[in-house]
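Step one of this worksheet: look at the structure below.
Because only heavy atoms are used, hydrogens play no part in the values below, and waters and symmetry mates are left out as well, while side chains stay in. Just follow the structure's listing: the first ligand is 1, and inside any ligand the first atom is 1.
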Amino acid sequence: MLVPARVAGQLQWWSLTAKPLHDGAGQWQGWRGVGSDITAARQRELEMARLAHIDTLTGLANRYQFGKRLAGYFAPAASAGPCTLLLLDLDNFKTVNDSLGQAVGDQLLQEVAQRLQSVLDPLALLARLGGDEFALLLPGMLERPEAERLGAQMQDVLAQPWTANGHRIAVHASIGVGFAPVDADTAEQLLKVSDMALYAAKAAGRHTLRFFDPALALRAQQHLAVLSDLDQALQRGEFVLHYQPQVDLASGALLGFEALVRWQHPLRGLVSPLEFITVAEESGLIVPLGAWVLRQACVDAVGWPAHLRVAVNLSAVQFGNADVLAVVDNALQHSGLPSARLELEITESTLMHDSQAALAVLHALRAKGVRVALDDFGTGYSSLAYLRSFPLDKLKIDRSFVSILDAADGDSSAAAIVQTIVQLAQALHLETTAEGVETAAQFEQLRRMGCAQAQGYWIAKPMDAAHARAFIMGWSDAALA
Ligand code: C2E
Ligand code: MG
Ligand code: MG
């Protein structure tokens, strides 16, 4: 028998075991046994049970406890009934974690847990499901406006700036909401639909809230279809490369082309990389696809005049793959393209993900004579320290700054940003290429600002390999002078 006992005001646990004693005639005489104080063991056991149910970092319920509570809302449990699930995911957690370190990331998660709890009523179960994903489970189906209000309240309390190691960090969260039984009749399904809503919230821009609706399920199905289609597309040879010219702003000389992949889909026609690169990254298909792109681009470029370069986009996923150097070597050897004619475009996220590894790969690429450009510059979180420590050849100024250069509303901050980037690049001995140049006015302004190179519809749209060859033949430096 396990007996609680209070001794001098302290709770203790005793374990009592005993055997009945009988005399020769079988008459009961009493008990003989042992009593021991097992308070310490009992406390350990309770602590283990508690730990199994809580997330040790934040003290919130963990996935296990959340799963048990969620299952309880669905029959046959006695506690079955309607419920509302809000899934919340921090928008910029990965950046914080990557740039400021895991210790700061952990502090941030603790802060988030505390803030969320401060606005919630005690009937709600707040859990951390893993990483930067939180779940809020409420009894009953909330009215939509009510759920929206609750979501906004959570977003507001998180958006209060938070300071760590002298960095001021604003936390934004996306929220997806699902209701049972209207959206789901099992626990797994409620999780799934809320997750789709969360995905939609993220896609709609950050810091938003979305409810599940059946159209989302359809879209998720299409996403899956793209995934399985993509897999076969590579085997069927359905990818093609288009090439967009890059020119020297001062002389008007043609410098080379950027290779941009497209999917020649048998039913849908030419599909933009924006529709499939992310999916390919998530599924890992980007590794063989990227290797194909690199090989094909080198094969095409080797047929161009020897002064022209080819730029190829590398995804962070490819870059994190140890084989990236072998893939580059392979493409160069296979095609016979001199390494100095190959430029690789990487993004800031590639550098932030695993900086030490990225640094080593960049040095190895540069040692081969391959050039490296930082794509979409200005949209990420690059710090000056990064720019100085990574061996780069070029910054590509993101289209979003270029496109508003000559805007009618006269937004002068875009001009100031572009000018600053150009000066920064000059100080660091980096070339600059302005992306997305669409008008003569933008072209002129960039030239005046001292930007070295340009790429954009005003010069030419991306074109297939045959048209690129014709474009080279017909090019005259004077055309842009
Ligand atoms: P990116 O590397 O920044 O490429 C530039 C994008 O801007 C291209 O879109 C290009 O067609 C578009 N663009 C160029 N000039 C203009 C202009 O004047 N105005 C406008 N509005 N757009 C212009 P695209 O081809 O749709 O590619 C989108 C993105 O997909 C690329 O952005 C790149 O991040 C990615 N991507 C394309 N090909 C590959 C690839 O082979 N591998 C990887 N990992 N990513 C790729
Ligand atoms: Mg690019
Ligand atoms: Mg770009």
Side-chain angles (χ1 to χ4, degrees), residues 230 233-234 238-247 256-264 269-301 309-321 324 327-328 331 342-350 353 371-380 382 392-407 418 421 431-443 446 453-465 467-468:
L230 259 184
L234 192 59
E238 290 175 1
F239 291 104
V240 290
L241 292 186
H242 280 196
Y243 292 95
Q244 188 175 34
Q246 298 180 329
V247 301
F257 292 84
E258 176 176 5
L260 296 158
V261 69
R262 275 99 183 82
W263 179 9
Q264 184 71 62
L270 211 55
V271 181
S272 151
L274 300 175
E275 278 191 52
F276 61 86
I277 291 289
T278 316
V279 183
E281 284 177 338
E282 283 166 8
S283 71
L285 186 78
I286 193 71
V287 174
L289 173 59
W292 176 83
V293 169
L294 198 58
R295 222 170 138 102
Q296 187 61 42
C298 290
V299 166
D300 287 336
R309 286 199 291 251
V310 67
V312 177
N313 294 284
L314 274 197
S315 129
V317 178
Q318 271 171 285
F319 207 82
N321 187 306
V324 65
V327 171
V328 170
L342 176 63
E343 183 166 272
L344 298 174
E345 296 194 0
I346 60 174
T347 57
E348 291 163 70
S349 60
T350 304
H353 184 60
R371 294 162 48 88
V372 180
L374 194 55
D375 206 352
D376 307 330
F377 184 71
T379 57
S382 297
L392 300 166
D393 298 281
K394 179 191 270 194
L395 300 183
K396 294 191 77 178
I397 306 171
D398 191 67
R399 192 170 78 216
S400 55
F401 304 116
V402 176
S403 66
I404 50 175
L405 267 186
D406 60 348
V418 173
I421 297 177
E431 292 174 17
T432 39
T433 299
E435 298 185 284
V437 180
E438 293 186 353
T439 67
Q442 288 166 357
F443 192 87
L446 286 161
Q453 299 161 16
Q455 174 182 349
Y457 292 172
W458 191 68
I459 300 144
K461 289 198 170 178
M463 57 193 98
D464 64 25
H467 282 91

- Item | Neighbouring residues of ligand 1, heavy-atom cut-off under 4.0 Å | Gln244, Glu258, Leu260, Val261, Arg262, Ser272, Pro273, Leu274, Ile277, Val293, Asn313, Ser315, Glu345, Asp375, Asp376, Arg399, Glu435, Gly436, Val437, Glu438, Gly456, Tyr457, Pro462
- Message: When you compare the side chains of Gln453 and Gln246, does any donor N or O come within less than 3.5 Å of an acceptor on the partner?
- Response: no
- Task: Could you pull out the atom name of the N/O/S atom in Glu258 that is nearest the Mg ion (ligand 2)?
- Result: OE2
- Message: One thing to verify: whether Arg371 and Glu431 come together as a salt bridge, which I'm taking to mean a side-chain N less than 4.0 angstrom from a carboxylate O.
- Response: yes
- Task: Report the relative orientation of the aromatic rings in Phe443 and Trp458; use parallel for angles under 30°, tilted for 30 to 60°, perpendicular for over 60°.
- Result: tilted
- Task: Take the angle between the ring planes of Phe257 and Tyr243 and call it parallel below 30°, perpendicular above 60°, tilted in between.
- Result: perpendicular
- Message: Taking side-chain contact (heavy atoms from CB on, under 4.5 Å) as the definition, give me every residue that meets it alongside Val327, ordered by chain and number, with sequence neighbours left out.
- Response: Ala291, Leu294, Asp323
- Message: Within the 4.5 Å heavy-atom criterion, are Val310 and Asp300 side-chain neighbours or not?
- Response: no
- Message: Of all the N, O or S atoms in Asp376, which has the shortest distance to the Mg ion (ligand 3)?
- Response: OD1
- Task: Starting from the Mg ion (ligand 3), look over the N/O/S atoms of Glu435 and name the nearest one.
- Result: OE2
- Message: Restricting to N, O or S atoms, which atom of Glu345 is closest to the Mg ion (ligand 2)?
- Response: OE1
- Query: Knowing that exactly one of Lys461, Glu258, Gln455, Glu435 qualifies, which makes a side chain to side chain donor-acceptor pair (under 3.5 Å) with Gln244?
  - Reply: Gln455
- Task: Look up atom CG in Asp376 and atom CG in Asp398, then write down how far apart they are to the nearest 0.5 Å.
- Result: 5.0 Å
- Query: What is the name of the N/O/S atom in Asp375 that sits closest to the Mg ion (ligand 3)?
  - Reply: OD1
